[in-house]
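The block underneath contains the structure these notes are about, expressed in structure tokens.
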There are 2 protein chains.
Amino acid sequence: MLNYSTSEENYIKAIYRLQGSDGTVSTNALANALRTKPASVTDMMKKLKAKKLLHYQPYQGFRLSQEGSRVALGIIRRHRLWEFFLAEKLRFSWDEVHEVAEELEHVSNKKLIDKLDEFLGFPRVDPHGDPIPDASGRIEINKRICLTELPLLQVAIVSNVKDQSSPILELLEHMKIRIGTKLEVKKRFGFDESMEIKIGRLPAVLISKQLAENIFVKYEG
Amino acid sequence: MLNYSTSEENYIKAIYRLQGSDGTVSTNALANALRTKPASVTDMMKKLKAKKLLHYQPYQGFRLSQEGSRVALGIIRRHRLWEFFLAEKLRFSWDEVHEVAEELEHVSNKKLIDKLDEFLGFPRVDPHGDPIPDASGRIEINKRICLTELPLLQVAIVSNVKDQSSPILELLEHMKIRIGTKLEVKKRFGFDESMEIKIGRLPAVLISKQLAENIFVKYEG
DNA sequence: ATTTATTTTTAGATCTGTCTAAATTTATTT
DNA sequence: AAATAAATTTAGACAGATCTAAAAATAAAT
């Protein structure tokens, strides 16, 4: 279990996010994601290659090695557990947790993280609905779909709103639907394609087809 | 509210601890405390002086400025709040919390720390019995005395054990007295100078003069 | 298949934090 | 008070992480 610098961890995390399940990542794409310069990326890629965290041939892009992925999942685990802690215990709102977790995630004491996990009750998803890797690095894949497609009684988390105009935000605000809100669809009505949804322990409410089409959710599956 | 590097913070914290209420700190003493070299200390002192965090004339030692003390108290606040969190919420033992808190203390988001403080119920002392500065940097002064001197009914925290031999540790273990244990003296008996103490909500127990003489405690006053 | 444009890498510089070795200042001894 | 010892500072070097500007490799366009 080696230790990596904050900078190295930020590169690893960004590569993990950019490469998806198969692809390779380009120097420019990574420089852009990290708001740094391509020359700095090349320098770091040499270092991470020497540490066997990624596969890299000059000019050919790069992707994480097995070990690199393992490290990335560790960082993501720490990040998401802290996000959960901040939202659930310290009552931060969903849009504040990310920035703070970016700092906390670099404290890499395994016992701390495993005890935090236990304290939080082994949560499966963070406040944005993204899955939290377990202590051995296993992670569930996330389904992201439109609320109109969500199976009945499947608990999901609001992850995105298509149309960000103020009329829709006003309505969402009124219905207490925010990014990070947990909900499930209780019933659908064929007549106007409206649906009844339940948010936490609040009484179920009815939302229109038009609104549902703009809400995207994530759930484990 | 400027931000300081982990390294700068470690120097500031060490100076605060070494200088006590009045004195100045020497280059060697600080190098020794930080397990670094005197030359490195001199370099850093120049930097911290330029940032107006301390008073420093070459060869004359240094002490924190008002601003430097303010920064030091912020770091100590973060450190002790995390220690409290680790002990109270994550069930770390008293001797494990320090090391982890050394890392967490450098995450310097004010809102995080103030919300953590609130979540923990605004604790006044950390698991070692040291006082926690409040959000505006106020700190209570700690009295450290032998258990034989502790006023009746004054709640205090075990901070030290004079004789670390195994017979005394066996006895302390049996009585569930550890560093960090909260206790108070209920009654003293003149005959053999034994005393009845209460630990948390456990039934009061009797301890001998010899044992009490080896236990040192801290309390706010 | 050249030429042009884009992407990526190299070369050389800077900043932070650290070090060793030498020089300097202060403290202590004789 | 001069000599010696101890503490402190300076000078110069190095590693990590970044940058700019120039060179090299790859991709796209004519």
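By convention in this document, chain letters (A, B, ...) are assigned in the order of the sequence lines, proteins followed by strands, and residues within each chain are numbered from 1.
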Please report, to 0.1 Å, the donor-acceptor pairs under 3.5 Å made by any side chain of residues 30-37 of chain A, with sequence neighbours excluded.
none

Quick one, give me the B/S/- string for nucleotides 19-24 of chain C, reading 5' to 3', where B means a protein heavy atom under 4.0 Å from the base and S means that only happens at the primed atoms, P, OP1 or OP2. BB---B
Dot-bracket notation for DNA chain D is requested: 5' to 3', Watson-Crick or G-U wobble pairs only, both distances under 3.5 Å, with ( ), [ ], | and . as defined. ||||||||||||||||||||||||||||||
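- For the OP1/OP2 pair of dT9(C) and a distance below 4.0 Å, the side-chain nitrogens and oxygens of Lys46(A) include no atom meeting the criterion.
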Please report, to 0.1 Å, the donor-acceptor pairs under 3.5 Å made by any side chain of residues 85-93 of chain A, with sequence neighbours excluded.
{"unit_1": "Arg91(A)", "atom_1": "NH2", "unit_2": "Glu88(A)", "atom_2": "O", "d": "3.3"}
{"unit_1": "Ser93(A)", "atom_1": "OG", "unit_2": "Asp95(A)", "atom_2": "OD1", "d": "2.6"}
{"unit_1": "Ser93(A)", "atom_1": "OG", "unit_2": "Glu96(A)", "atom_2": "OE1", "d": "3.2"}

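- Ion pairing of Glu67(B) with Lys51(B) is absent here, as no side-chain N (NZ or NE/NH1/NH2) approaches a carboxylate O to less than 4.0 Å.
- With rounding to whole Å, Phe62(A) atom CZ is found 14 Å from dT7(C) atom P.
- In this structure, the ring pair (Phe, Tyr, Trp, His ring centres under 6.0 Å) partners of His98(A), at least two apart in sequence or on a different chain, are His79(A).
- The two residues Pro38(A) and Thr27(A) come nearest to each other via the heavy atoms O-CG2, 3.6 Å.
- Listed by residue number, there are no residues of residues 98-106 of chain B with a heavy-atom contact under 4.0 Å to DNA chain D.
- The pair Asp117(A)-Arg77(A) meets the salt-bridge criterion, with a side-chain N (NZ, NE, NH1 or NH2) lying under 4.0 Å from an Asp/Glu carboxylate O.
- Sorted by first then second residue, the salt bridge (Lys or Arg N to Asp or Glu O under 4.0 Å) pairs that include residues 12-21 of chain A, not counting sequence neighbours, are Lys13(A)-Glu102(A), Lys13(A)-Glu105(A).
- Note on Asn28(A): a side-chain N or O is less than 4.0 Å away from OP1 or OP2 of dT8(C).
- Residue Ser7(A) places none of its side-chain N or O atoms closer than 4.0 Å to OP1 or OP2 of dG16(D).
- Within 4.0 Å (heavy atoms only), Pro58(B) reaches sugar-phosphate atoms of the nucleic acid but no base atom.
- Taking atom CD of Glu8(A) as the reference point, atom C1' of dT18(D) lies 14 Å away to the nearest angstrom.
- Asp130(B) is linked by a side chain to side chain contact (heavy atoms under 4.5 Å, CB included) to Arg80(B), Asp126(B), His128(B), Asn142(B), Arg144(B), Lys218(B), counting only residues two or more places apart in sequence or in another chain.
- With sequence neighbours left out, the ring pair (Phe, Tyr, Trp, His ring centres under 6.0 Å) criterion links Tyr56(B) to Phe62(B).
- Of the residues in residues 49-57 of chain A, none has a non-hydrogen atom less than 4.0 angstrom from any atom of DNA chain D.
- Contact of the Ile132(A) side chain with the Arg124(A) side chain is not registered, since no non-hydrogen atoms from C-beta on lie closer than 4.5 Å.
- Looking at Gln19(A), its side chain does come within 3.5 Å of a backbone N or O of Leu64(A) through a donor-acceptor pair.
- When the C1' atom of dA24(D) is taken as reference, atom CD of Gln60(A) falls 14 Å away, rounded to whole Å.
- In this structure, Lys115(A) and Lys111(A) have side chains that are in contact, with non-hydrogen atoms separated by less than 4.5 Å.
- Met44(B) places its CE atom 10 Å from the C1' atom of dT18(C), with the value rounded to the nearest Å.
- Within the nucleic acid shown, Thr42(B) comes within 4.0 Å of at least one base atom, counting heavy atoms only.
- Applying the ring pair (Phe, Tyr, Trp, His ring centres under 6.0 Å) rule to Phe216(A) yields no partners; only residues at least two apart in sequence or on another chain are considered.
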Output a table of donor-acceptor pairs, distance under 3.5 Å, between side-chain atoms of residues 178-185 of chain A and any protein atom two or more places apart or on a different chain; print 'none' if there are none.
{"unit_1": "Arg178(A)", "atom_1": "NH2", "unit_2": "Glu173(A)", "atom_2": "OE2", "d": "3.4"}
{"unit_1": "Thr181(A)", "atom_1": "OG1", "unit_2": "Arg178(A)", "atom_2": "N", "d": "2.8"}
{"unit_1": "Thr181(A)", "atom_1": "OG1", "unit_2": "Arg178(A)", "atom_2": "O", "d": "2.9"}

